Amino acid sequence: MKFFVDTAEVEAIAELNDLGMVDGVTTNPSLIMKSGRDIKEVTKEICDMIDGPVSAETVALDAEGMIAEGRELAKIADNIAIKVPLTWDGLKACKVLSDEGRMVNVTLCFSANQALLAAKAGATFISPFIGRLDDLAIDGMELIAEIRAIYDNYDFSTEILAASIRSINHMKEAALIGADVATAPPGVIKAMAGHALTDKGLDAFMKDWAKTGQKIL
Ligand code: G3P
C-alpha cells in the first residue's frame with residue numbers, strides 16, 4: 001500500500017520523506033487554510049520535494065470552473081493530481097482533465113456507486129472518506145471493501161485512495177482490504193511505529209544491560 005501524507009505542512013512531509021515513507025501528498029482547502037500558506041506557493045514547495053503525486057483541490061462548483069482551475073493548478077508541477085469533488089460537475093471535469101492526460105483525484109466519495117462513476121470518468125484516484133462515515137456510525141472500511149470488489153470485478157485502473165484516515169487501525173484495515181493508497185495525517189503514520197510492548201521490552205533490556213556494566217562503543 002502506498003502512503004500519501006494528508007497535510008500541507010512542509011516540515012512534517014519532509015520528516016517522513018527522509019525515511020522513505022512518502023509516496024505522495026494530498027491537500028484540500030481546509031489543509032491549505034490550516035497551513036496559512038498560499039496554495040500555489042506551498043504546493044510548489046511540496047511538489048519539488050516529493051516525486052509522487054501531489055493532490056491540489058479545485059474550489060469551483062461548476063465543471064468549467066473546475067477544468068480551468070485544474071489546468072491552472074497543473075502548471076505548478078508535472079506531479080500535480082487535480083482534485084475535484086464527486087458531484088456530477090466534478091465527474092464532467094474529471095473526464096475532460098483525464099482525457100488531457102492529467103492525473104485526477106475524485107474526492108468526497110461516500111458510496112460505491114460514486115466510486116464506480118469516477119472510474120468510468122477516468123479518475124486516477126478515488127478518495128473514499130472512511131473517518132467521516134465512521135463519525136455517522138457507518139462502517140467506512142466496508143466502503144473500501146465494496147469499491148475494491150467492484151474495481152477488481154471489472155479491472156478498473158482507478159486507484160483506491162483511502163482518505164479521512166484517523167487511526168492506525170484504519171491504516172491496518174485499509175492495507176488488509178487492499179486499498180492501493182492510504183492518505184493519513186503525519187501523526188497517524190508516526191503512531192504506527194508505537195507499541196506498548198515495544199516500550200516495555202526496551203525498558204527491560206536497558207535495565208538488564210545496565211547491570212552488565214558493559215559498553216558497545
Ligand atoms: O483526505 C481527506 C481528509 O483530509 C479528510 O479527513 O479527518 O477531515 O475527515 P478528515
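Counting starts at 1 for both ligands and their atoms, following the listed order. Predicted model only: the values in this text are computed from it and were never measured. For the single chain, residues carry numbers from 1 onward in sequence order.
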Within-4.5 Å side-chain heavy-atom neighbours: [X] and [Y]:
{"X": "Y151", "Y": "I126", "result": "yes"}
{"X": "E173", "Y": "D139", "result": "no"}
{"X": "V106", "Y": "F125", "result": "no"}

Which residue and atom name correspond to the protein heavy atom nearest [atom], and how close is it?
{"atom": "atom 7 (O) of ligand 1", "result": "R166 NE, 2.8 Å"}
{"atom": "atom 5 (C) of ligand 1", "result": "R132 NH2, 3.6 Å"}
{"atom": "atom 6 (O) of ligand 1", "result": "S164 CA, 3.4 Å"}
{"atom": "atom 1 (O) of ligand 1", "result": "D6 OD2, 3.1 Å"}

Using distance alone, decide if ligand 1 has a nitrogen or oxygen within less than 3.5 Å of any nitrogen or oxygen in T183.
no
Tell me the closest heavy-atom pair linking T158 and A119, and the distance in Å.
OG1-CA, 3.4 Å
Is there a path of hydrophobic side-chain contacts, each under 4.5 Å between heavy atoms of I, L, V, M, F, W or Y residues, that connects M103 with I82?
no
So for T107 against ligand 1, with non-hydrogen atoms under 4.0 Å, the contacting part is neither
Answer yes or no: is there an ion pair linking E64 with K92, defined by an N-O contact shorter than 4.0 Å?
no
F129: numbered ligand 1 atoms lying under 4.0 Å from its heavy atoms
2 (C), 5 (C)
